[in-house]
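Just so it is clear: chains get the letters A, B, ... in the order the sequence lines come, proteins before strands, and each one is counted from 1.
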4 protein chains.
Amino acid sequence: MPHREAAQGAIAQRRRDEIVGAALEIFAERGYHATGIADIAAVLNIGHGTFYRYFRNKRDIVSHVLVHVLERLNDTIRDENAAAADTLDECRAQFARVAEKLFAVFTEEPALGRFFFAEALGVDRDFTRALTAGLNTFGGVTQAYLANGVAKGFLRADLDVGVTARSINGMILAAAIDAFDSRDPEKVRTRWLAAAPDLILRGIKA
Amino acid sequence: MPHREAAQGAIAQRRRDEIVGAALEIFAERGYHATGIADIAAVLNIGHGTFYRYFRNKRDIVSHVLVHVLERLNDTIRDENAAAADTLDECRAQFARVAEKLFAVFTEEPALGRFFFAEALGVDRDFTRALTAGLNTFGGVTQAYLANGVAKGFLRADLDVGVTARSINGMILAAAIDAFDSRDPEKVRTRWLAAAPDLILRGIKA
Amino acid sequence: MPHREAAQGAIAQRRRDEIVGAALEIFAERGYHATGIADIAAVLNIGHGTFYRYFRNKRDIVSHVLVHVLERLNDTIRDENAAAADTLDECRAQFARVAEKLFAVFTEEPALGRFFFAEALGVDRDFTRALTAGLNTFGGVTQAYLANGVAKGFLRADLDVGVTARSINGMILAAAIDAFDSRDPEKVRTRWLAAAPDLILRGIKA
Amino acid sequence: MPHREAAQGAIAQRRRDEIVGAALEIFAERGYHATGIADIAAVLNIGHGTFYRYFRNKRDIVSHVLVHVLERLNDTIRDENAAAADTLDECRAQFARVAEKLFAVFTEEPALGRFFFAEALGVDRDFTRALTAGLNTFGGVTQAYLANGVAKGFLRADLDVGVTARSINGMILAAAIDAFDSRDPEKVRTRWLAAAPDLILRGIKA
DNA sequence: TATGAATGAGCCTTCATTCAT
DNA sequence: GATGAATGAAGGCTCATTCAT
């Protein structure tokens, strides 16, 4: 029940999705604070009063954008089953697949990453909390993979799966930032996909 | 020469530092956009006109806050010499020292981390660039440590030092975020200090 | 296209005209610098935010006020045809008509003159330039009358029409200032209308 | 007694004059409202607090500047004696002398004219009144010349000396404005000095 | 006497939000 | 449902003026 007065039909839902999409693009482009409701409406060629028929206010839309982004990321890794890997090689293959997919989604929809990593943090306190909560969710997913490996014995028994999961997510974040900054994202992708799995699995020592 | 018309004496410099400190606190607390110049002035019990004797405008102060934060972090790791480690154990000890120091600085001045990781990204485009540039500097430092290890043979010869350096910084970032969110930062500290060095050096595989 | 985002309809144009009228009154009353946007809005019983829907900023409105004033003055003398007079008497009659009209317009709309002669010069450099350009236009009109008389032989052949035109406009200015300052503008009007034509014509006639 | 606390000595008076001079220059240059007290002080290399030891406030200085300008103009025409001319030719010569002197003073001190005609009107209501009063004084002087001529019979008996005096001053004003706007003030001067006396005398002579 | 650091009234401008049409 | 005109809270910034040193 998004907004008391909002339309409930399928067309209305489509309109809502359009607004979320446009808002994501433009928030990612200019940042939350530099973006006006009128800017979002202008992109969609709708009156900016119309916006308020679908979302309560500016704070409301950015929440919905975050949900949208988190869902897109979730979709990306949903297919993988944390318990599917039984050996280190299968685990490595799984890592590679997830990494590929993440790179793909961030490459295809750059706004996703830019919003998530760059523009979303300045919204406000509550939003930062929500964002962190979303990150923790992904931390939980990663943790499940690790726990599976430890249980099946192909990962170190003494592994702190919580800390390790967060570390891996920090690496993903670093990779994403690297890709955003780079003029040649493809090259960045190749380097990370080549180096990261070994780094995680084997560490850096000789 | 920070502000053309600002006083240049030692007292003036102290006042400037006070303003930077207060701004850091309050930016970290409420975020850049939610903070007014009047808020900063109120904390210091000065008229808000006084602020403008020391900084050109709101954008100016946040730049100075960033510089301050980066300098604080630099101070933290300055003492270590990237080329000092000759063995894996020395390297591990070096890692531990730096990690301790970073945890200490973020624990003693929580605003530092909150500003750096949470509120600083929403300022504007140029600021994000400056922030990223600052992060890259730290990436370069980390990379120097890794290159030393590779050269001396106690780190993998096939290590991609660039990607690895960024990864490690991503882990530091994850640790910092974890600490901010936690109600028991001490516990977080203990866990990370116990787990991270092994994670980096050995990886996760059994 | 006065303001990109402003409404373009007839009602909007009326609103724009109302604002220009109110601004003229109040600029003439208090002067440009002593007038706030809020003052203009208050006169019209509109929110001061509304002002910005119709004019870009304070500088914008004063430019429009100037254009309005110049147009009003132009309207006043438009009906006369500089080439219509063929004799000195016709010329004298023409002078008298224009003088009557000018007195009428300044008497009916005192703000017009007060803005034009008293408050408009302190706006800024560019505005003064625009104002002077407007004055020069009127100088050109006056000059056309004189040139007509010289060509037809009822004005002195050796007349410097440029200087004379400016002189006459200076006299008009003096008359207007005299009228503003006087407590009895009607008396001023009578005196000037009686004395000025003779003064001019004896000076310029062949 | 300019300012209660101001110094009364000769050095103090010199300082006061310096400030008036600097203020005249900079008011003429940028206009009253665009000029800050600090700007005036900066020109003189004095602290801007010092300004307030000599003048009550910003409004005070501009009044003194006006007095200074009016005195300068008065000095220019003081030497002439309105009653000295006994014939039309002597009157013409007198006019020419005064016109020369006025052109000279405005050419030598352009700030004088620019302040008087261009920047002084936007100050505020009271100031405009004072300025008009000053103009009226000059109107009185001009009127004395005319009355002398009428009394001695070389100017028209039916001359409205009041209106005519103001007209002449209006012409002077027009000439001054012309000179300010021109890139070649010397040429302007030559044209006006050639044309104006004839224009006036033919209009006013018996 | 000179200074300039401190102050805050005041003003312009933006933009999220409302609501009559 | 859609629109966009109207609104005013909010905040950045300037600068005349004061006063302690």
Rounded to whole angstrom units, what separation is found between the CZ atom of A:Arg15 and the P atom of F:dG1?
10 Å

If you compare all heavy atoms of D:Phe51 against all heavy atoms of D:Lys58, which two are closest, and at what distance to 0.1 Å?
CE2-N, 4.5 Å

Between B:Arg59 and B:Asp126, is the closest basic N to carboxylate O distance under 4.0 Å?
no

For A:His33 and B:Val123, indicate whether the former's side chain and the latter's backbone hold a donor-acceptor pair under 3.5 Å.
no

Return yes if the base of F:dA9 and the side-chain atoms of C:His48 contain a donor-acceptor N/O pair under 3.5 Å, otherwise no.
yes

Measure the distance from CG on D:Asp60 to P on F:dT17 and round it to the nearest whole Å.
10 Å

To the nearest angstrom, the CZ-P distance between C:Phe51 and F:dA6 comes to 14 Å

Within this structure, what is the OH-to-P distance between C:Tyr52 and F:dA9, rounded to whole angstrom?
16 Å

Earlier contact from the 5' end, DNA chain E, for A:Ile37 and C:Arg59:
C:Arg59

Expressed as a whole number of angstroms, how long is the span from C:His33:NE2 to E:dC12:C1'?
14 Å

At less than 4.0 Å, is any side-chain N or O atom of B:Tyr54 found next to OP1 or OP2 of E:dA5? Yes or no.
no

From the options F:dA16, F:dG4, F:dT3, select the nucleotide whose nearest atom is closest to the side chain of A:Arg53.
F:dT3

Would you check if A:Phe116 and A:Leu112 make a side-chain contact, meaning some heavy-atom pair closer than 4.5 Å?
no

Applying the 3.5 Å cut-off to both distances, the Watson-Crick or G-U partner of E:dT3 turns out to be F:dA20

Hey, does C:Ile11 reach any base, or is it just sugar-phosphate, or nothing, if we go heavy atoms under 4.0 Å?
nothing

Strand partner of E:dA9, provided both Watson-Crick or wobble distances fall under 3.5 Å:
F:dT14

Take B:Gly47 and C:Asp39, find for each the nucleotide of DNA chain E with the closest heavy atom, and name the residue whose nucleotide sits nearer the 5' end.
B:Gly47

With side chain to side chain contact (heavy atoms under 4.5 Å, CB included) as the test, would you mind laying out the steps for C:Arg15 and C:Ile11 before giving the verdict?
CA-CA 6 Å; C:Arg15 174 60 60 94; C:Ile11 343 98; over 6 Å; no

If you assign A:Thr50 and C:Thr50 each to the DNA chain F nucleotide with the nearest heavy atom, which residue ends up on the more 5' nucleotide?
A:Thr50

When both hydrogen-bonding distances must be under 3.5 Å and the geometry is Watson-Crick or G-U wobble, what is E:dT14 paired with, if anything?
F:dA9

To the nearest Å, give me how far apart CG (D:Asn57) and P (F:dT17) are.
5 Å

Rounding to an integer number of Å, can you tell me how far B:Ile61 CD1 sits from F:dC13 C1'?
15 Å

Rounded to whole angstrom units, what separation is found between the CZ atom of D:Arg14 and the P atom of E:dA2?
12 Å

Counting any heavy atom closer than 4.0 Å, what does D:Gly36 reach on the DNA or RNA strands: base, sugar-phosphate only, or nothing?
sugar-phosphate

